[in-house]
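Atoms considered below: every heavy atom in the structure, side chains included; atoms not considered: hydrogens, waters and symmetry mates. Per chain, numbering begins at 1; letters A, B, ... match sequence-line order. Every value quoted in this text rests on a predicted model; they were computed, and no experiment measured them.
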Amino acid sequence: MIKAIRGTRDLLPPDTALWNFVEAAARDVFRAYNFHEIRTPIFEETQLFSRSVGEDTDIVSKEMYTWEDRGRAQSEKGQSITLRPENTAGVVRAYIEHKLWERGLNKLYYIGPQFRRERPQKGRYRQFFQIGAEAIGPPTAGSESPARDAEVLEMLATLLDRLGITDWTLELNSVGCPNDRATYNEALKNALKPVAAKMCADCQRRAVTNPLRVFDCKVPEDQPIIETLPRISQYLDEPCRRHFDAVQGILTAVGVPFTLNDRLVRGLDYYTRTAFEFTHGALGAQNAILGGGRYDGLSESLGGPHAPGIGFAIGEDRLVMSLKESADAVARKPDVYIAPLGPGMDRESARLARELRRHDVVVELGDETFRLKKSFENASKMGARFALIVGENEVKAGAFALKNLESGEQISVPRAELAAKIQSAS
RNA sequence: GCGGGGUUAGUUCAGUGGUAGAACACCGGACUGUGGCUCCGGUUGCCGAGGGUUCGAAUCCCUCACCCCGCCCCA
């Protein structure tokens with residue numbers, strides 16, 4: 001048997017209804033903030049990712065689906081291509097390629113699949129879905145303003161509330177400018193040198209390879225040592241500090257609660273200043289449902305103009321997981337099951353079904369060879385609200401037996417009134 | 001890449017060396033123009049794959065595959 005390959009999966013009803021619900025809510029909320037949808041290709045030149053995400057990140061060094069193209073044209077041969085591991089790079093590429101700033105397109109959102117070749121685990125797949133947005137543009141468009149950061153964060157809080165997710169926590173930090181980070185990294189390394197030997201094996205390795213990761217350590221014995229380490233917040237220059245203070249001020253003013261977390265660091269190279277994460281309990285080891293931050297230098301590093309930006313990506317798989325219970329409620333059940341009874345009644349039923357569907361009634365059709373019992377069984381199994389009997393008697397009388405499957409009440413309804421009768425009961 | 005758990009009916013699972021099971025689901029009947037509740041009957045399997053031990057393997061051993069959970073890392 002051929003199965004979906006490791007790390008990929010089929011999304012089936014009724015879950016798909018929940019996915020649609022989530023996506024519809026996101027589109028609706030984003031629209032209120034003047035974001036517009038962009039769809040970029042799911043594969044790009046490999047360089048795009050290695051240059052933006054960072055050559056030394058795990059994503060680029062070992063988690064990308066990359067292959068060599070064998071196109072017909074000479075220019076296509078040997079070109080290295082990669083399935084997008086995230087969507088920010090693609091959006092910024094498109095922003096530059098189409099000079100979107102010339103058209104005032106500064107706020108973009110996307111919904112779509114991303115790919116990483118990592119070991120699957122709870123809420124983590126090789127094809128996973130992200131809902132994200134990027135506010136990017138020349139500083140005159142407000143793209144560098146702390147007000148933009150606050151707006152994006154407030155938008156996310158609104159979306160989560162709208163989805164009925166109330167127990168979220170917004171963790172906020174500033175990772176400063178590239179200069180601040182370089183200085184800080186040096187200071188952190190130096191501070192770790194004398195104490196690393198006393199820490200857990202993981203931390204000893206991190207101290208050398210990726211010092212920032214030491215802050216993720218969960219070993220209790222290491223915590224006192226970690227507490228003494230320098231924090232990025234102590235290394236922010238004046239403009240970065242003012243920016244961060246302003247973001248916090250606006251968030252407080254609009255009533256979006258947040259927690260400062262100076263251990264929060266972002267893995268991707270392009271992040272600057274504001275970094276954030278929304279977490280949600282009861283999701284296991286992967287408790288972050290969305291993350292993002294500011295990337296003021298990304299456009300320039302990809303050969304574009306100075307275009308500061310801030311963005312985020314929501315892990316849709318995880319978000320849906322935390323809503324899982326409501327999947328059945330969101331799926332729309334048939335309003336009516338039409339039970340044709342006897343020879344010739346399929347034709348009659350098809351005509352009726354067509355009429356009703358034009359009135360936005362959800363109709364499921366039976367078959368004239370089914371016994372009535374069978375039709376009723378089918379109807380209640382699929383959760384139809386009504387069963388409609390289409391037999392010779394009904395056709396002759398021009399009125400049909402309509403049974404409410406919940407109450408058991410059955411009435412005779414003239415053809416012209418059927419749609420209204422079914423709708424009114426919903 | 002590393003560690004742990006798992007794989008038996010459509011689904012959830014029991015079965016630890018001697019005839020493959022239960023519940024639910026599904027199909028049919030009781031009930032030929034009326035579902036749900038009830039009762040009766042029925043179907044369902046290369047027991048993940050391959051090899052080994054044994055008179056005999058779902059069961060013990062080895063190898064592999066796949067799934068899940070976690071680690072590393074991370075939107």
Original post:
How long is the gap from CG on A:Leu229 to CZ on A:Arg263, to the nearest 0.5 Å?
Top reply: 9.0 Å

Original post:
Does some side-chain heavy atom of A:Arg273 sit less than 4.5 Å from a side-chain heavy atom of A:Val175?
Top reply: no

Original post:
Out of B:C66, B:G29, B:U34, which has the shortest distance to the side chain of A:Phe376?
Top reply: B:U34

Original post:
Do any side-chain nitrogens or oxygens of A:Lys374 fall under 4.0 Å of OP1 or OP2 in B:C31?
Top reply: no

Original post:
Base, sugar-phosphate alone, or nothing: which one does A:Asn393 contact when heavy atoms must sit under 4.0 Å apart?
Top reply: base

Original post:
To the side chain of A:Ile389, which of B:C31, B:C73, B:U34 is closest?
Top reply: B:U34

**OP:** Mind checking A:Gln410 for me? I need base, sugar-phosphate or nothing, with any heavy atom below 4.0 Å counting as a touch.
**Re:** base

**OP:** Mind calculating the distance between CG (A:Asp317) and P (B:C68) to the nearest angstrom?
**Re:** 13 Å

Subject >> Shortest side-chain distance from A:Lys381, nucleotide among B:C26, B:G33, B:C66 >> reply: B:C26

Original post:
So which nucleotide from B:C71, B:G35, B:U34 ends up closest to the side chain of A:Leu405?
Top reply: B:G35

Original post:
On a whole-Å scale, what distance lies between the C1' atoms belonging to B:C60 and B:C2?
Top reply: 28 Å

Original post:
Which word best sums up how the rings of A:Tyr95 and A:Trp101 line up, parallel for under 30°, tilted for 30 to 60°, or perpendicular for over 60°?
Top reply: tilted

Original post:
Taking a pair as Watson-Crick or G-U wobble with both distances under 3.5 Å, which nucleotide is matched to B:U16?
Top reply: none

Original post:
Between B:G33, B:G35, B:C31, which one does the side chain of A:Glu394 approach most closely?
Top reply: B:G33

Original post:
Side-chain donor or acceptor of A:Glu377 under 3.5 Å from a matching atom on the base of B:U34?
Top reply: no

**OP:** Please check the phosphate of B:G36 (OP1 and OP2 only) for any side-chain N or O of A:Arg385 closer than 4.0 Å.
**Re:** no

**OP:** Establish, yes or no, whether the cationic atom of A:Arg9 lies under 6.0 Å from the six-membered ring centre of A:Tyr125 and within 45° of the ring axis.
**Re:** yes

**OP:** Tell me, yes or no, whether the heavy-atom count around A:Arg231 atom CZ, taken from other residues, nucleotides or ligands under 6.0 Å, exceeds 12.
**Re:** yes

Original post:
Taking OP1 and OP2 of B:G1, is either one under 4.0 Å from a side-chain nitrogen or oxygen of A:Arg119?
Top reply: no

**OP:** Report, as yes or no, whether the 6.0 Å neighbourhood of atom CD on A:Glu392 holds more than 12 heavy atoms from other residues, nucleotides or ligands.
**Re:** no

Subject >> Of the listed nucleotides B:G70, B:U34, B:C73, the one nearest the side chain of A:Arg124 >> reply: B:C73

Original post:
Which comes earlier along RNA chain B counting from the 5' end, the contact point of A:Lys403 or that of A:Phe312, where each point is its nearest nucleotide?
Top reply: A:Lys403

Original post:
Base, sugar-phosphate, or nothing: which does A:Arg116 touch, judged by heavy atoms less than 4.0 Å apart?
Top reply: sugar-phosphate

Subject >> Mate of B:A57 where both pairing distances stay under 3.5 Å, Watson-Crick or G-U >> reply: none

Subject >> B:C24 to B:C67 separation - C1' atoms, rounded to the nearest Å >> reply: 23 Å

Subject >> Whole-angstrom distance between B:C66 and B:G48, as gauged at atom C1' >> reply: 7 Å

Original post:
What's the NZ-C1' distance between A:Lys373 and B:C37, to the nearest Å?
Top reply: 12 Å

Original post:
What is the distance from CE of A:Met382 to C1' of B:G36, rounded to the nearest Å?
Top reply: 15 Å

Original post:
B:G33 C1' sits how many Å from A:Met345 CE, rounded?
Top reply: 13 Å

**OP:** Report the distance from atom CZ of A:Phe370 to atom P of B:G33, rounded to the nearest whole Å.
**Re:** 15 Å

**OP:** Using a cut-off of strictly less than 4.0 Å, decide whether A:Arg6 has a side-chain nitrogen or oxygen near OP1 or OP2 of B:C67.
**Re:** yes

**OP:** Using the C1' atom as the reference point in each nucleotide, state the distance between B:U54 and B:U16 in Å, no decimals.
**Re:** 16 Å

Subject >> Euclidean distance, atom CD of residue A:Glu118 to atom C1' of B:C2 [Å, nearest integer] >> reply: 15 Å

Subject >> Interatomic distance, A:Gln121 CD vs B:G4 C1' [rounded to whole Å] >> reply: 13 Å

Original post:
With both distances under 3.5 angstrom, what nucleotide forms a Watson-Crick or G-U wobble pair with B:G35?
Top reply: none

Original post:
Centroid-to-centroid, A:Phe115 to A:Tyr65, below 6.0 Å?
Top reply: no

Original post:
Checking all strands, does A:Gly408 fall into the base, sugar-phosphate, or nothing category for heavy-atom contacts under 4.0 angstrom?
Top reply: base

Original post:
Which is true for A:Gly391 with a 4.0 Å heavy-atom rule: it touches a base, it touches only sugar-phosphate, or it touches nothing?
Top reply: nothing

Subject >> A:Ser380 side-chain proximity, nearest of B:G35, B:C26, B:C69 >> reply: B:G35

Subject >> Watson-Crick or G-U counterpart of B:G70, or none if no pair lies under 3.5 Å >> reply: B:C2

Original post:
Rounded to the Å, how far apart are A:Glu368 CD and B:G33 P?
Top reply: 14 Å

Original post:
Taking the same atom, P, in B:G18 and in B:G1, what whole-Å distance lies between them?
Top reply: 39 Å

Subject >> Atom C1', compared across B:U11 and B:G45: separation rounded to whole Å >> reply: 14 Å

Original post:
Applying a 3.5 Å limit to both distances, which nucleotide forms a Watson-Crick or G-U wobble pair with B:A49?
Top reply: B:U63

Original post:
Between the side chains of A:Asn106 and A:Ser143, does any donor sit under 3.5 Å from an acceptor?
Top reply: no

Original post:
B:C26 pairs with which nucleotide, Watson-Crick or G-U wobble, both distances below 3.5 Å?
Top reply: B:G42

Original post:
Which whole number of Å gives the distance between the C1' atom of B:U43 and that of B:G29?
Top reply: 15 Å

Original post:
Passes salt bridge (Lys or Arg N to Asp or Glu O under 4.0 Å), A:Glu377 versus A:Lys381? Steps please.
Top reply: CA-CA 6 Å; A:Glu377 271 175 14; A:Lys381 209 176 295 172; 5.0 Å; no

Original post:
Rounding to the closest angstrom, what is the interatomic distance between B:U44 and B:G56 at atom P?
Top reply: 29 Å

Subject >> Distance-only donor-acceptor test (3.5 Å): side chain A:Glu406, base B:G35 >> reply: no

Subject >> hbond_proxy A:Arg9 side chain to B:C67 base (donor-acceptor, 3.5 Å cutoff) >> reply: no

